[in-house]
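Proteins get letters first, then strands, A, B, ... in listed order; numbering begins at 1 in each. In this text the structure is predicted, and so the values were computed from the model without any measurement. All values below were derived from every heavy atom in this structure, side-chain atoms included, with hydrogens, water molecules and symmetry-related copies excluded.
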There are 2 protein chains.
Amino acid sequence: MANTAKHNRDEVIQKATMLFWEKGFHSTSMRDLQDRIDMRPGSIYAAFGSKEGLFKEALKFYVENSFEKLEGCTKEYSPLRALKQFFVSVVICNDEQRPTEVCMLVKTLTELPPENAELIEEAKGYLKGMEDLFASLLTQAQEEGELDSSKDTRRLARYLQMQLMGLRTYARTNADKESVKQLIDDVFESIRF
Amino acid sequence: MANTAKHNRDEVIQKATMLFWEKGFHSTSMRDLQDRIDMRPGSIYAAFGSKEGLFKEALKFYVENSFEKLEGCTKEYSPLRALKQFFVSVVICNDEQRPTEVCMLVKTLTELPPENAELIEEAKGYLKGMEDLFASLLTQAQEEGELDSSKDTRRLARYLQMQLMGLRTYARTNADKESVKQLIDDVFESIRF
DNA sequence: GATGGACTTGAACGATCGTTCAAGCTAAAA
DNA sequence: TTTTAGCTTGAACGATCGTTCAAGTCCATC
């Protein structure tokens, strides 16, 4: 638990997150993790309890980063434009080292069998939180006159969440960035009416 | 290979498909498969070569069924309505035993690490085929005056493919069928303009 | 320099993984 | 009834899985 340990805890979690995000929970072995974060089994288990425990920390880290990213966009853009910018940065840009276009939460939800019910519920909860954030941004957009006030923001938020899942997964199958960018335009065009 | 074997090959593949679709490639063990299809390792390997070989057969079976399902819809409805009906039946209805809402091809693409490149390419190819079928249905819709002729059907097909990925994945997270039905309505409303 | 406590190490565990293969079974041919 | 060919069986293989733990290392304190 001590941050004075040889391995800075946050740094370790970040590295583990990237690996889990890339390969998924089951395809990432403890051996893979040991190599990536440069820790031996004993240390990992002392710090995180289990592979599942470390994965939970990774999910948390991933979501916190996503929240920060979206909030960063709202500092630069109007609510609606911030959402679109967030979509673009998450679906297309790979200036940083993004291991895959697919959302880690969605990947978790998709790959895990019912045996890992606890992790599944965790991922579902985080996705719900993201949808709530979308909704509050949409409400804000209404207040600022950027979005038609007659719209149901909860419904729109669901719509956007669904779109983002589709966009990211589609981007995984299709390397052509131009057509993906086109799709994002289509999506944000469609919510105007 | 003989169809006269104790286990009918197609029936075995169908059972294997359901299991793989439910649990995914890596979370399905040969033991799970043995129990489900009631065959011993030796027979399975004699018939399919490997776990990966059986999985390929499962993917093929899954796609053939999907094609048939969509084509079945076109027999009953106009092209555009057939597409929507296909979406509904695939995202919402569970009158048959559908192990999960998520598309098996998407699940495969999402869960597999780069090591299984061959299976990944296979799934990508099938998805492309599905998109092509969407496109040809959209063109047909234009010819019958159901869809504005100025639309780019290839672009629309991409859009629908992406939507379907999103819808099915979203349905996995949200049990509320009413809001999912709403989302489908939103999607098909959005392609009219 | 000796002591004590915290962190790290890596060999080893039992379980399970995908896979192999010699032996057994079954039913048609001779 | 005996032979034969093909399918099925399940014990067993080596590899790898997640996990444990006794021993070692490190460093602040006395």
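- Atom CG in B/Asn8 sits about 12 Å away from atom P in D/dT8, given to the nearest Å.
- The structure places CD of A/Gln142 at 5.0 Å from OG of A/Ser149, a figure rounded to the nearest 0.5 Å.
- The two residues B/Ser66 and B/Phe86 make their nearest non-hydrogen contact at O-CE1, 3.8 Å.
- A straight line from CZ of A/Phe48 to P of C/dT8 spans 10 Å, rounded to a whole angstrom.
- What separates CD of B/Glu115 from C1' of D/dA15 is a distance of 16 Å, to the nearest Å.
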Starting at the 5' end of nucleotides 17-24 of chain D, put B wherever the base has a protein heavy atom under 4.0 Å, S where only the sugar-phosphate does, and a dash everywhere else.
SSBBB---
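- Among the candidates B/Leu105, B/Val63, B/Leu70, the single residue satisfying the side chain to side chain contact (heavy atoms under 4.5 Å, CB included) test with B/Met130 is B/Leu70.
- Closest approach of B/Arg158 to A/Ser179, counting heavy atoms only: NE-CB, 3.3 Å.
- Put simply, CD1 on B/Ile44 is 10 Å from P on D/dT9, counting in whole angstrom units.
- By the neighbour-count criterion of 12 heavy atoms within 6.0 Å, atom NZ of B/Lys60 is sparsely surrounded, having that number or fewer from other residues, nucleotides or ligands.
- Remark: aromatic rings of A/Tyr126 and A/Tyr62 are distant, center separation not under 6.0 Å.
- Atom CG of B/Asp35 is separated from atom P of D/dG10 by 12 Å (rounded to the nearest Å).
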